[in-house]
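Reviewing the structure listed below.
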Amino acid sequence: MKTLLFTISHANLEALMAQGCLVRILELEDLGHERDHYVITALVRDRHLDEVIQRSADRPRWVTWG
């Protein structure tokens, strides 16, 4: 599993959650109703990395904790 930071629309976030791609959302920042996007830090299953990359609005960045 990887920890990723990425921006995503509300609809794509719901789709990832429904598919079980996100193990845990660690941080969520709402960018506002007009933008309809969130900045997410989440734990992602390795087998779902491509799906997260495809659905995100920007290129996900790896996050290291420590």
Side-chain angles (χ1 to χ4, degrees):
M1 287 190 259
K2 305 283 187 216
T3 304
L4 297 179
L5 172 68
F6 56 96
T7 305
I8 192 165
S9 70
H10 179 79
N12 283 332
L13 176 59
E14 283 186 345
L16 289 178
M17 291 173 63
Q19 293 172 353
C21 297
L22 306 178
V23 175
R24 177 169 290 157
I25 295 176
L26 303 169
E27 291 183 35
L28 183 142
E29 178 187 351
D30 188 348
L31 296 179
H33 180 68
E34 289 182 22
R35 290 211 44 209
D36 185 37
H37 277 75
Y38 300 96
V39 176
I40 303 285
T41 303
L43 190 58
V44 178
R45 298 178 197 283
D46 288 336
R47 67 180 178 265
H48 296 295
L49 288 174
D50 289 339
E51 185 70 23
V52 171
I53 291 168
Q54 182 179 9
R55 290 186 177 272
S56 65
D58 60 0
R59 183 152 181 88
R61 296 177 301 272
W62 306 120
V63 175
T64 56
W65 296 91

Value for CG (Leu26) from OG1 (Thr3), rounded to nearest 0.5 Å, stands at 6.0 Å

Looking only at non-hydrogen atoms, find the nearest pair between Ser9 and His37 and report the distance. N-CD2, 3.5 Å

Report whether Met17 and Leu28 are members of the same hydrophobic cluster (ILVMFWY, side-chain heavy atoms less than 4.5 Å apart, transitive linking). yes

Considering residues at least two apart in sequence or located in another chain, which fulfil the side-chain contact (heavy atoms from CB on, under 4.5 Å) criterion with Arg47? Arg45

Answer with yes or no whether the hydrophobic clustering places Val52 together with Trp62; edges join I, L, V, M, F, W, Y residues whose side-chain heavy atoms lie under 4.5 Å apart. yes

By side-chain hydrogen bond (donor to acceptor under 3.5 Å, both in side chains), Ser56 pairs with (sequence neighbours left out) none

For residues 5-24, pull every pair meeting ring pair (Phe, Tyr, Trp, His ring centres under 6.0 Å), keeping only residues two or more places apart or in separate chains. His10-Tyr38

Any chance CG of Asp50 has more than 12 other-residue heavy atoms, nucleotides or ligands included, within less than 6.0 Å? no

By side-chain contact (heavy atoms from CB on, under 4.5 Å), which residues pair with Ala15, not counting sequence neighbours? Arg55

In the hydrophobic clustering (ILVMFWY, side-chain contacts below 4.5 Å, transitive), which residues join Ile53, or is it alone? none

Distance col, row Leu31:CG vs Thr7:OG1, nearest 0.5 angstrom, shows 6.0 Å

Determine whether Leu43 and Leu22 make a side-chain contact, defined as any pair of heavy atoms from C-beta on separated by less than 4.5 Å. no

Do Leu49 and Ile40 share a hydrophobic cluster, counting only Ile, Leu, Val, Met, Phe, Trp and Tyr and linking them when any side-chain heavy atoms are less than 4.5 Å apart? yes

Are Leu16 and Val44 side-chain neighbours, meaning at least one heavy-atom pair lies under 4.5 Å? no

Residues which pass salt bridge (Lys or Arg N to Asp or Glu O under 4.0 Å) with Arg61, listed by chain and number, not counting sequence neighbours: Asp58

List the steps, then state whether side chain to side chain contact (heavy atoms under 4.5 Å, CB included) holds for Glu27 with Leu5. CA-CA 9 Å; Glu27 291 183 35; Leu5 172 68; over 6 Å; no

Can you measure from NE2 (His48) to CD (Gln19) and round to the nearest 0.5 angstrom? 7.5 Å

Quick one: list whatever passes side-chain hydrogen bond (donor to acceptor under 3.5 Å, both in side chains) with Glu29, sequence neighbours left out. none

